Amino acid sequence: MPTKDVLTKADLAELRRSALGAADPLGVAADVAEAAEHGRLEDPDDAGDALTLAAEIAEIRARPDAALRYADQALAAYPSGDDPRAGLAHALRARVLFRTGGRDDEAMAELTALRPLLLVQPDAPAYLSAALDAGGRSATAETWLSEAVDTLLGERAAAGAAAQAITATDPVVDLGPPEAPGVLFFLLQQRHRVRRDLNLPHDRQDDLADRLETQLVRRAGERRGAESDLLFWPRAEFDRLLAEHAALTEVYGPDWDAHRARLEKELVRQTTAGQTGLGVFSATVAGLNAFAGQRNGDPADAAIRAGYAAEVSARPSARIPWPPERNDACWCGSGLKYKKDCLPRSRS
């Protein structure tokens with residue numbers, strides 16, 4: 001199924017969010033791969049990322065041959081084999097190798113080579129853990145994540161910046177800004193999830209993960225307030241949100257047009273205030289409900305919403321960059337050009 005003659009970064013970001021909900025996801029994957037192979041990308045440097053997206057779609061849709069082919073093409077498209085951007089493609093390749101059977105050693109070699117990225121790349125804990133889990137090696141993921149956490153905490157202690165990081169009530173750990181927490185936060189949170197799935201007892205690093213999440217929620221609330229989070233609810237999610245939690249009409253708007261206008265105006269306000277690198281964060285009702293349920297809270301409660309917003313904004317994959325170019329696809333996923341859709345909403 002054809003997409004566009006030329007695909008931009010914004011188009012690829014939108015396809016990453018929407019492809020699995022398309023009528024023919026595998027057709028989308030094939031067209032994205034074709035665009036990368038035949039020069040239909042606005043930025044040729046995006047070829048590796050585009051082919052990785054195609055591999056991810058094919059792997060999720062249980063087409064291992066296609067996924068492996070796209071992953072191999074993605075790795076060939078990156079400037080070098082150790083390009084940090086190639087990590088996800090390597091991990092996807094390993095997942096396919098595990099699932100096809102008989103190639104576990106090859107899969108583990110792929111993942112072992114990626115292990116140093118745990119110390120520097122925020123996405124690495126999630127995609128490495130997912131790949132190891134596909135091979136029935138969640139215990140290995142827990143070991144790798146624990147050792148990476150120990151390494152980073154040890155570096156901070158050695159530098160004298162966080163000698164009390166594990167034992168303090170409010171540890172001195174550099175989280176980074178709420179919209180882009182540091183690598184340590186992602187490591188601790190992913191380790192916490194893996195240990196929970198393995199039914200391992202809560203330990204002091206799990207305590208630290210909980211405390212850092214609390215810090216992040218508090219700082220996010222201080223920075224923008226619970227009522228001005230940048231959660232974006234795609235159309236179907238927005239309809240479900242109001243159907244299940246009607247009280248949130250006052251927070252996110254009475255309809256999808258009002259919701260998008262609120263976000264557009266807030267982004268313009270932040271730009272006027274001098275902020276850069278802005279974006280919104282794609283949310284789901286299932287995610288909000290699960291977050292509330294884990295804390296025995298109400299999804300409509302401001303503190304729960306602030307916590308969920310902080311959790312979502314910590315996921316690079318949830319971020320939708322803003323603003324797109326005037327003639328590019330609108331950030332909201334409507335399929336219209338930005339200048340014809342959300343851009344004018346800031347003036348309404």
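In this chain, numbering begins with 1 at the start of the sequence shown. All values derive from a computational prediction rather than experimental measurement.
Side chains of F232 and I320 form a contact here, defined as non-hydrogen atoms less than 4.5 Å apart. Using a 4.5 Å cut-off on side-chain heavy atoms (C-beta onward), R305 and Y252 make contact. Counting heavy atoms from C-beta on, the side chains of T112 and W144 come closer than 4.5 Å. Counting only heavy atoms from C-beta outward, the side chains of L145 and R195 never approach each other to under 4.5 Å.
Across every non-hydrogen atom of L75 and A89, the tightest pair is CD2-CB, 3.7 Å. The minimum heavy-atom distance linking I57 with V28 is given by the pair CD1-CG1, 4.4 Å. Residues Y338 and P323 come closest through the heavy atom pair OH-CB, 3.9 Å. The shortest heavy-atom contact between A300 and L248 is CA-CD2, 3.8 Å. The nearest pair of heavy atoms linking D341 to C332 is OD2-SG, 3.4 Å. P321 and W331 make their closest contact through O-CB, 4.3 Å (heavy atoms, listed as atom of the first residue, atom of the second, distance).
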| message | side-chain contact (heavy atoms from CB on, under 4.5 Å), that's the test. Do Q189 and F185 meet it? Break it down for me. | response | CA-CA 6 Å; Q189 293 301 313; F185 175 83; 3.6 Å; yes
| field | Trace of the side-chain contact (heavy atoms from CB on, under 4.5 Å) decision for F98 with D104 | value | CA-CA 5 Å; F98 277 135; D104 287 16; 3.7 Å; yes
| query | Where do D328 and K337 land on the salt bridge (charged side-chain N to carboxylate O under 4.0 Å, His left out) test, with the steps shown first? | reply | CA-CA 5 Å; D328 282 349; K337 290 183 178 181; over 6 Å; no
| Is there a side-chain contact (heavy atoms from CB on, under 4.5 Å) between T8 and E325 once you walk through the steps? | CA-CA 10 Å; T8 66; E325 296 295 328; over 6 Å; no
| task | Any chance you could lay out the side-chain hydrogen bond (donor to acceptor under 3.5 Å, both in side chains) test for E155 and T151, step after step, and finish with the verdict? | result | CA-CA 6 Å; E155 290 174 355; T151 297; over 6 Å; no
| task | Would you check, one step at a time, whether the test side-chain contact (heavy atoms from CB on, under 4.5 Å) holds for L119 with V183? | result | CA-CA 7 Å; L119 301 176; V183 172; 5.8 Å; no
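Note: the hydrophobic cluster containing V96 does not contain Y70 (ILVMFWY, side chain heavy atoms under 4.5 Å, direct or indirect links). Both L153 and V120 are assigned to one and the same hydrophobic cluster, defined by single-linkage of ILVMFWY side chains at heavy-atom distances under 4.5 Å. Side-chain heavy atoms closer than 4.5 Å link hydrophobic residues (I, L, V, M, F, W, Y) into clusters, and following such links, even through other members, never connects L15 to V6. Criterion: ILVMFWY side-chain heavy atoms under 4.5 Å apart, direct or through other members. Under it, L336 and W233 are not part of a common hydrophobic cluster. L12 and L51 fall into different hydrophobic clusters, where Ile, Leu, Val, Met, Phe, Trp and Tyr are joined by side-chain heavy atoms under 4.5 Å apart, directly or via other members.
Remark: D45 engages R85 in a salt bridge, criterion side-chain N to carboxylate O under 4.0 Å. Contact check on R240 versus E244 returns a salt bridge, with a Lys/Arg side-chain nitrogen under 4.0 Å from an Asp/Glu carboxylate oxygen. Under a 4.0 Å N-O distance rule, the pair D203/R191 qualifies as a salt bridge.
One distance of note links CD of E110 with CG of D105; it measures 12.5 Å at 0.5 Å rounding. Distance check, rounded to the nearest 0.5 Å: CZ of R235 to OG of S334 gives 10.0 Å. Of the inter-residue distances, the one linking L92 atom CG with D72 atom CG reads 11.5 Å to the nearest 0.5 angstrom. Rounding to the nearest 0.5 Å gives a distance of 9.5 Å between CG of D239 and CG of D255. Remark: H38 NE2 to R40 CZ distance equals 9.5 Å, nearest 0.5 Å. Between atom CG of residue L231 and atom CZ of residue F281 there is a gap of 8.5 Å, rounded to the nearest 0.5 Å.
Taking D43 as the reference, K9 meet the side-chain hydrogen bond (donor to acceptor under 3.5 Å, both in side chains) condition, with sequence neighbours excluded. With sequence neighbours excluded, the residues forming a side-chain contact (heavy atoms from CB on, under 4.5 Å) with L278 are L267, Q270, T271, Q275, W322, listed by chain and number. Residues passing the side-chain contact (heavy atoms from CB on, under 4.5 Å) test with S317, sequence neighbours excluded: R315. When the side-chain hydrogen bond (donor to acceptor under 3.5 Å, both in side chains) test is applied to R196, no partner is found at least two apart in sequence or on another chain. In this structure D65 satisfies the side-chain hydrogen bond (donor to acceptor under 3.5 Å, both in side chains) test with no other residue, sequence neighbours excluded. Not counting sequence neighbours, the partners of R95 by the side-chain hydrogen bond (donor to acceptor under 3.5 Å, both in side chains) test are E59. A292 pairs by the side-chain contact (heavy atoms from CB on, under 4.5 Å) definition with P299, I304, not counting sequence neighbours. Every side-chain contact (heavy atoms from CB on, under 4.5 Å) that R103 has, sequence neighbours left out, goes to L68, R93, L97, T100, E106. In terms of the ring-ring contact (aromatic ring centres under 6.0 Å, His included) criterion, residue partners of H192 (sequence neighbours excluded) are, by chain and number, H202.
Between the side chain of E237 and the main chain of V285, a donor-acceptor pair closer than 3.5 Å is present. Side-chain atoms of R262 never come within 3.5 Å of backbone atoms of R260 as a donor-acceptor pair (strictly under, hydrogens ignored).
For the residue pair D298/H245, the side-chain donor-acceptor check at 3.5 Å is not satisfied. In this model, no donor atom of one side chain and acceptor atom of the other lie less than 3.5 Å apart for S313 and R319. With hydrogens and angles left out, the side-chain atoms of D49 and T52 include no donor and acceptor closer than 3.5 Å.
Under the salt bridge (Lys or Arg N to Asp or Glu O under 4.0 Å) criterion, the residue pairs touching residues 113-132 are R115-E147, with sequence neighbours excluded. For residues 278-288, no residue pair satisfies the side-chain hydrogen bond (donor to acceptor under 3.5 Å, both in side chains) rule, not counting sequence neighbours.
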Tell me which donor-acceptor pairs under 3.5 Å the side chains of residues 124-134 have, and how far apart each pair is, sequence neighbours excluded?
residue: Y127; atom: OH; partner: Q121; partner atom: OE1; Å: 2.5
residue: S129; atom: OG; partner: P125; partner atom: O; Å: 2.7
residue: D133; atom: OD1; partner: S138; partner atom: OG; Å: 2.7

